[in-house]
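Below is one structure; the comments refer to it alone.
These figures come from a predicted structure and were not determined experimentally.
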Amino acid sequence: MDNIVDQAFQELLDCYLASNHRKKVDIITKAFHFARQAHAGVKRLSGEPYIMHPITVAMIACKEMGLGSTSICAALLHDVVEDTDYTVEDLENLFGAKIAQIVDGLTKISGGIFGERASAQAENFKKLLLTMSDDIRVILIKICDRLHNMRTLASQPANKQYKIAGETLYIYAPLANRLGLNKIKTELEDLSFRYEHPEEYARIKALLAESQAKHESIFAEFTEPIKQTLNEMGVKFELKARIKSPYSIWHKMQTKHVTFEQIYDILAVRVIFTPNKREEEVNECFNIYVAISKLYKSHPDRLRDWLSHPKANGYQALHVTLMSHMGQWIEVQIRSDRMNEMAEQGFAAHWRYKDESGELINEKKAVSAENIEEDTELNKWLLTIKEILDDPQPDAMDFLDAIKLNLFASEIFVFTPKGEIKTMPANCTALDFAFSIHTFLGSHCIGAKVNHKLVPLSHVLQSGDQVEILTSNSQHVKESWISFVSTAKARNKIQGILRREAREQQKRGEQILTEFLREHGHDISTVTVEKLCALHGKDKHENLLMEIGNGAIVLGESDVKAVNSEKSIVASAKSGGKSWKDYVPFLGKKKSAAIKKQDYIIVGEDFNRKKPVYITDQNISQFIFPKCCHAIPGDDALGFIDRNNHIVIHKRDCSIANKLKASYGNRIIDIKWDMHQQHTFTGAVTLTGIDRVGMIHDIADIVSDKMNINITKLLITVNDENLFEGTIEFRVHDRDDLKHIIKELKAIQGVQEVKQK
């Protein structure tokens, strides 16, 4: 074992010595020996010495992110404070303040972001973001740590796999994407997909393997003329084939409702060139584009210029889609070698160009301007994160959702009336733009002029729009605004203002109620307020006081009678719109009525959460199946232990399940189906196509007669152009039945598309 450890560390040193960083071998060796001694005798679940984990994390930081000695030392030491008796002060005395500070940041967010409760999870996530804004290397090393955990996830039990994979897909992959770590982001997504949907992952991998020869042939034929042209131009270049990742393919199949064969952009071509002069690289990209567009016709709506205005994560390239001689569209991505490095390593690539003190390395001075510019973009994002932290959400999951709005957003470019360019998230509204400039502007916004035309606050902006915000001092923030803003900043500011106004109204309501009760010989108390809540149908004291304060409730004779009555009226709270929490018994405030009627399985203290729970024909009624995803036998499913210790069944890719995996991972359990078609479940599909005589007869014939499946609902509508849309509901035994029905329906003449509803 000692030989394996020594060999792994030597590989780390060799990788570091091959980089452009200053050769601080002594401090890295010192950190290795210190960590090895601290973790002596400890093993991972896989059976290997624990020290192999820090070495591998350091190797990822060095090789795949290009970080230097400070980061490598912090990676080697990242679990020492968490798992041993050594303190941050010990590390500071031995390795200096900077390494100790990074390790301290990593220790605060150790054990995964998410803990037993959502509030603890949100607090840990805030620590991560706060520490990240002090030193970005904290989150970079944390992502390295998560990547190695995902690569070794096979040693964990299934329920832990779902928890860690869900957490990775919910937070870490978006973080990696936002920091420009494209390769790592892709691998994190694929590994999560592999453990959450193993059969689908294996199927897509097999389909990619089958089509590999075809893609290689297309690539060779398509790129041959490009090679000749670039050689004639004297360009030093490399051509690479980019094959879409399994997760990306599966995600597109789910969202676009297409088959593997219908995805046309599985293959893309990358042209990576070395410019003659660094300052001319943008011009050379366009020169290459002009040259290859003479070989193939370009798609008029598929040119993406990320050169003049890079993405917020630093990505730069020119994307063009060309029609090949084989009659298919192929995307070509043109980028310099520097842009390619930024595309793969993102902001982490800055450490390729800087030493650990922040000074540029001599041979990399030419790219100093780009570094400064991209640092500014990073700082803008970190500033946005800090603004969210300054106005924290009272609800932990709402806070996480606000952060995720900033992680996922694609960018558009809009202009101010004076012609200044602003980067905004795609699908943002005029109100989002107003809040991005100033809170006062947003809170008093009454409309906007987009390209000199008057538009409402909810108008969705497009790239290239010129926007002028119109305000009025009489305008006030409205609760309805939350429904159409899309940026975290706007949503947080609106909610913050509404909360402040609500507190003022509650205070005013409390004063009015206190005076009213005194006039009628009563003091304000919990009992009296509860009686009034019951009378007015309010489920919270705060809501009652707020409506008294804003005049929605005027106190009168009926309130006096309610307060004087001996019995308390049972409150009938008004139900509003449903949020995701309504589908989660653990979080909901109201117990499901079904719980009282059914004898559900109760999870006891001796329940082994590491072992799978089997759903059978005999016990299926003892599980809760919420309406959010309608899991049926054959689905990739998981169990969630709710607050009543009952087991709730979700599909693994259900949006509610994704939040549960990311926040209540310790309550996730593995579910297996052991059903033998003794029960039926509701399935539904939508279909579109070209109408003809006998279409409904053929559809009914396939489902009812040929497959002997009972149709419970059939709705077909035909428009003026003879195109039809339809919905069919039926009773099926499992997911295989549903897949078979879809396959048979697709074979009917005139049916264009069939998808699961």
Side-chain angles (χ1 to χ4, degrees), residues 117-119 122-123 390-399 402 439-440 442-446 472-483 485 490-579 581-582 585-593 596 643-644:
R117 303 180 314 279
S119 57
E123 285 304 317
D390 289 340
D391 188 19
Q393 297 292 332
D395 185 278
M397 291 309 296
D398 288 345
F399 165 76
T439 302
F440 179 86
S443 58
H444 292 83
C445 180
I446 56 171
S472 169
N473 287 332
S474 62
Q475 177 69 294
H476 294 287
V477 170
K478 295 179 174 62
E479 192 169 354
S480 60
W481 289 4
I482 295 173
S483 65
V485 293
R491 183 170 292 180
N492 282 347
K493 293 299 181 186
I494 292 167
Q495 289 175 331
I497 293 168
L498 290 173
R499 284 198 300 273
R500 188 164 62 248
E501 290 178 352
R503 285 194 295 270
E504 292 171 0
Q505 290 172 354
Q506 286 171 25
K507 192 173 182 181
R508 190 159 56 247
E510 188 175 358
Q511 291 172 347
I512 293 170
L513 181 59
T514 302
E515 291 171 7
F516 176 82
L517 291 172
R518 281 176 182 169
E519 288 175 9
H520 294 85
H522 293 280
D523 291 326
I524 192 168
S525 67
T526 302
V527 174
T528 56
V529 175
E530 280 182 356
K531 287 181 179 181
L532 293 176
C533 280
L535 175 68
H536 293 284
K538 302 300 170 190
D539 58 346
K540 287 184 178 180
H541 293 190
E542 294 86 348
N543 294 343
L544 175 74
L545 296 174
M546 188 169 68
E547 292 199 18
I548 294 172
N550 64 24
I553 292 176
V554 178
L555 300 172
E557 192 64 33
S558 60
D559 297 282
V560 177
K561 289 180 180 178
V563 171
N564 289 333
S565 67
E566 291 292 324
K567 295 180 180 179
S568 176
I569 305 168
V570 177
S572 56
K574 295 179 181 178
S575 59
K578 287 190 175 182
S579 73
K581 295 166 194 169
D582 294 309
F586 179 62
L587 297 176
K589 291 176 181 174
K590 302 174 192 173
K591 292 184 180 179
S592 168
K596 297 174 184 176
R643 64 177 174 182
N644 298 304

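- Looking at heavy atoms from C-beta onward, Val529 lies in side-chain contact with Leu513 at the 4.5 angstrom threshold.
- For the pair Gln505 (side chain) and Gly549 (backbone), a donor-acceptor distance under 3.5 Å is absent.
- The minimum heavy-atom distance linking Asn473 with His444 is given by the pair O-CD2, 3.7 Å.
- Under the 3.5 Å distance criterion, with hydrogens and angles disregarded, no donor-acceptor pair is assigned to the side chains of Ser480 and Ser483.
- Atom-to-atom distance recorded for Leu498:CG and Arg503:CZ is 11.0 Å, nearest 0.5 angstrom.
- To the nearest 0.5 Å, atoms CD (Glu504) and CG (Asn550) are separated by 12.5 Å.
- To the nearest 0.5 Å, the span separating CD on Glu510 from CD on Glu515 amounts to 11.0 Å.
- Atoms CD1 and CH2, from Ile494 and Trp481 in turn, are 6.5 Å apart once rounded to the nearest 0.5 Å.
- Between Ile548 and Leu532 there is no side-chain heavy-atom pair separated by less than 4.5 Å.
- Residues Arg500 and Ile497 form a side-chain contact, since some pair of their non-hydrogen atoms from C-beta on lies under 4.5 Å apart.
- Judged by distance alone, with hydrogens and angles left aside, the side-chain atoms of Thr528 form no donor-acceptor pair with the main-chain N or O of Ile524 at under 3.5 Å.
- More than 12 heavy atoms of other residues, nucleotides or ligands shown are found within 6.0 angstrom of CD on Gln475.
- Atom CD of Glu547 is separated from atom CG of Leu544 by 7.5 Å, given to the nearest 0.5 angstrom.
- Counting only heavy atoms from C-beta outward, the side chains of Cys533 and His541 approach each other to under 4.5 Å.
- By the 6.0 Å contact criterion, NZ on Lys561 is open, its count of non-hydrogen atoms from other residues, nucleotides or ligands being 12 or less.
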After noting the C-alpha distance and the side-chain angles of Val560 and His522, does the key distance pass the side-chain contact (heavy atoms from CB on, under 4.5 Å) rule?
CA-CA 10 Å; Val560 177; His522 293 280; 5.9 Å; no
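- Residues His536 and Asp559 have side chains that bring a donor and an acceptor to within less than 3.5 angstrom of each other.
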